[in-house]
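A short write-up of the structure that comes next.
In this text the structure is predicted, and so the values were computed from the model without any measurement.
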Amino acid sequence: MSWGTELWDQFDNLEKHTQWGIEVLEKYIKFVKERAEIEINYAKQLRNLSKKYQTKKNSKEEEESKYTSCKAFQNTMNEMNDYAGQHEVISENMTSMIMAELTRFVQELKQERKSHFHEGRKAQQHIETCWKQLESSKRRFERDCKEADRAQQYFERMDADINVTKADVEKARQQAQIRHQMADDSKGDYSSVLQKFNHEQQEHYHTHIPTIFQKLQDLEERRITRLGDSLKTYAEIDRQVIPIIGKCLDGITKAAESINSKQDSQTVVESFKSGFEPPGDIDFEDFTQSMKRTVSDTSLTNNRADVKSDPKTPGKSRGKLWPFIKKNKLMSLLTSPHQPPPPPPASASPSAVPNGPQSPKQQKEPLSHRLNDFMTSKPKIHCFRSLKRGLSLKLGATPEDFSNLPPEQRRKKLQQKVDELNKDLQKEIDQR
């Protein structure tokens, strides 16, 4: 099938069709351009993603790389970096091998198409000019023939009229001859123009237009063939990187297979093992023995019994002084050691009469009587505030000096003062 013979009268439709073909090619170029941009952006995002999750130097992640799972993940990031490189290759090849080539080819097609249609329009203008000349020659020939016919009829009327002079008849005859000569000349000119037009028309529709349309057909076929080749190149560009992408994926698979959970567990043991043995069993602590000992050793009842059993010899039954004693009793003991002893109780033995002979033990008797008095009268305090007031009076401190301290520190300070007070009492008793 040839456009020149089959489509000899479809000049305008062929012009629209070839323009549409070039637009299709330009659309494909735009598609390849956007695909290349997608590939380069995808590669860039993959590289940024791989860089984001790669191990940083001098960081905690670098210590984590000793685990096989972390190593596999880092190998995956490296493979993804190579994977991104292949998408960059796709973008570069599509830009250079398809986009640039097709853009240049489209420009050539536009120039060639413009030249062919310019030549076709020129041929059409020429045949239209020949047609106008033919029409003009035809109208002139038709007009001259009509004028010659009218001149001949006028001559015949003049010649048949007996009233017309011979000179008028001759004039009419000459006029008719002139008109016939003009008609013959127009006829010859029309015949020549017609013959020329037929020749030009033959050349136009059988030589010039078929040649131009054949060139346009070749141009369109080259465009279609080039589009097909570009599609093959498009697929080949992707196919070329498939083996390398496959290697990247194989590398990721290999990294996944290298993960060893047992080895990672052993690494955890080696990293955090302290080397210490677990603690042993805790021994049972029997607090009941301590409670019995406390009752027997520090009971106020025992102290009172010792004092009452032997008031003359307090040194022999000396035990631990009860620290929680009332302030006025304690101060009276400390500040008045030389006061006379109180009268003995009714149940006291006769040896305790103050008028009896003095012995070395009788020097300590007033102190023991005073101790016996306040120990038996009120052996316990009612609140902890009494202890603080007694300590403050003895040591020159006020309760407010301890109130600003935290509870634990205040308790320690008070305990320390109590211990000091006990020592002072014990020393006083020893001296007396």
Side-chain angles (χ1 to χ4, degrees), residues 1-40 90-139 189-238:
M1 289 291 178
S2 174
W3 289 6
T5 57
E6 302 294 335
L7 303 175
W8 60 270
D9 57 344
Q10 299 297 322
F11 183 88
D12 294 337
N13 288 331
L14 288 179
E15 184 178 13
K16 293 178 181 179
H17 177 75
T18 52
Q19 178 63 31
W20 170 82
I22 291 177
E23 290 176 356
V24 169
L25 200 58
E26 290 178 339
K27 184 186 295 184
Y28 176 68
I29 294 173
K30 186 177 180 180
F31 161 75
V32 174
K33 180 181 179 180
E34 292 182 0
R35 166 69 192 280
E37 291 177 353
I38 290 174
E39 292 292 337
I40 195 67
I90 291 175
S91 177
E92 293 173 358
N93 290 340
M94 285 186 176
T95 302
S96 61
M97 298 174 64
I98 297 179
M99 235 176 65
E101 294 293 331
L102 283 184
T103 302
R104 185 166 52 252
F105 179 71
V106 166
Q107 295 300 325
E108 294 176 357
L109 286 182
K110 288 181 177 180
Q111 293 295 330
E112 186 176 353
R113 175 182 173 277
K114 182 179 179 181
S115 175
H116 294 330
F117 280 103
H118 177 73
E119 186 178 354
R121 290 191 182 91
K122 187 176 179 181
Q124 281 189 334
Q125 290 175 0
H126 177 70
I127 197 67
E128 288 174 359
T129 302
C130 292
W131 171 257
K132 290 178 181 180
Q133 291 177 357
L134 177 64
E135 288 293 323
S136 177
S137 178
K138 181 181 177 181
R139 286 193 298 270
D189 184 59
Y190 171 67
S191 176
S192 175
V193 172
L194 179 61
Q195 184 178 4
K196 181 181 179 182
F197 174 78
N198 288 333
H199 176 75
E200 292 294 339
Q201 183 175 255
Q202 183 73 20
E203 290 291 328
H204 178 78
Y205 289 110
H206 293 84
T207 304
H208 297 301
I209 291 299
T211 302
I212 294 172
F213 282 7
Q214 187 62 41
K215 291 179 181 179
L216 290 174
Q217 183 179 357
D218 294 341
L219 180 146
E220 181 68 9
E221 291 177 354
R222 283 189 289 114
R223 180 194 68 81
I224 296 172
T225 303
R226 190 60 176 272
L227 180 59
D229 294 339
S230 297
L231 290 174
K232 291 180 181 178
T233 305
Y234 178 86
E236 189 64 26
I237 290 173
D238 276 340

Considering all heavy atoms of both residues, which atom of [X] and which atom of [Y] are nearest to each other, and what is their separation?
X    : Y    : value
S96  : E101 : O-CG, 3.8 Å
S137 : Y190 : OG-CA, 2.8 Å
S91  : I40  : OG-CB, 3.7 Å

If you round to the nearest 0.5 Å, how far is [atom2] of [Y] from [atom1] of [X]?
X    : Y    : atom1 : atom2 : value
R35  : T95  : CZ    : OG1   : 11.0 Å
E236 : Y234 : CD    : OH    : 13.5 Å
I22  : L219 : CD1   : CG    : 6.5 Å
L7   : F213 : CG    : CZ    : 7.5 Å
T103 : L25  : OG1   : CG    : 8.5 Å
D238 : T233 : CG    : OG1   : 11.5 Å

So, do [X] and [Y] sit near enough that their side-chain heavy atoms are less than 4.5 Å apart?
X    : Y    : result
I98  : I237 : yes
Q124 : H204 : yes
E119 : K215 : yes

E15: partners by salt bridge (Lys or Arg N to Asp or Glu O under 4.0 Å), with sequence neighbours left out: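 Partners of E15 under the salt bridge (Lys or Arg N to Asp or Glu O under 4.0 Å) test: R121.
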
If the condition is salt bridge (Lys or Arg N to Asp or Glu O under 4.0 Å), which residues does E203 pass it with, not counting sequence neighbours?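 E203 satisfies salt bridge (Lys or Arg N to Asp or Glu O under 4.0 Å) with no residue once adjacent residues are dropped.
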
Partners of [X] by side chain to side chain contact (heavy atoms under 4.5 Å, CB included), sequence neighbours excluded?
X    : value
S2   : T5, Q214, Q217
E135 : W131, R139
K132 : none
Q19  : E23, R113

What residues, two or more places apart in sequence or in another chain, satisfy ring-ring contact (aromatic ring centres under 6.0 Å, His included) together with F105?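 For F105, no residue satisfies ring-ring contact (aromatic ring centres under 6.0 Å, His included) once neighbours in sequence are set aside.
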
Sequence neighbours excluded, which residues qualify as ring-ring contact (aromatic ring centres under 6.0 Å, His included) partners of H17?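 Here the qualifying residues are W20.
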
Taking the six-membered ring for Trp, are F117 and F11 parallel (under 30°), tilted (30 to 60°) or perpendicular (over 60°)?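 F117 vs F11 ring planes: perpendicular.
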
Please name all residues satisfying side chain to side chain donor-acceptor pair (under 3.5 Å) with Q201, sequence neighbours left out, ordered by chain then number.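 Not a single residue meets the side chain to side chain donor-acceptor pair (under 3.5 Å) criterion with Q201.
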
Could you list the residues that satisfy side chain to side chain donor-acceptor pair (under 3.5 Å) with H126, not counting sequence neighbours?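 Partners of H126 by the side chain to side chain donor-acceptor pair (under 3.5 Å) criterion, ordered by chain and then number, come out as E200.
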
Salt bridge (charged side-chain N to carboxylate O under 4.0 Å, His left out) assessment of E108 paired with R104: CA-CA 6 Å; E108 294 176 357; R104 185 166 52 252; 5.1 Å; no

Hey, mind stepping through V32 and L102 against side-chain contact (heavy atoms from CB on, under 4.5 Å) and telling me if it holds? CA-CA 10 Å; V32 174; L102 283 184; 5.6 Å; no

Which pairs would a plain distance check flag for residues 222-229, meaning a side-chain donor or acceptor within less than 3.5 Å of a matching protein atom at least two apart in sequence or in another chain?
from, atom 1, to, atom 2, distance (Å)
R222, NH2, E112, OE1, 2.6
R222, NH2, E112, OE2, 2.7
R223, NE, E220, OE1, 3.2
R223, NE, E220, OE2, 3.2
R223, NH1, G21, O, 3.0
R223, NH2, E220, OE2, 2.5
T225, OG1, E221, O, 2.8

Could you go through residues 191-198 and list every donor-acceptor pair under 3.5 Å that involves a side-chain atom there, pairing it with any protein atom two or more places apart or in another chain?
from, atom 1, to, atom 2, distance (Å)
N198, ND2, L194, O, 3.2

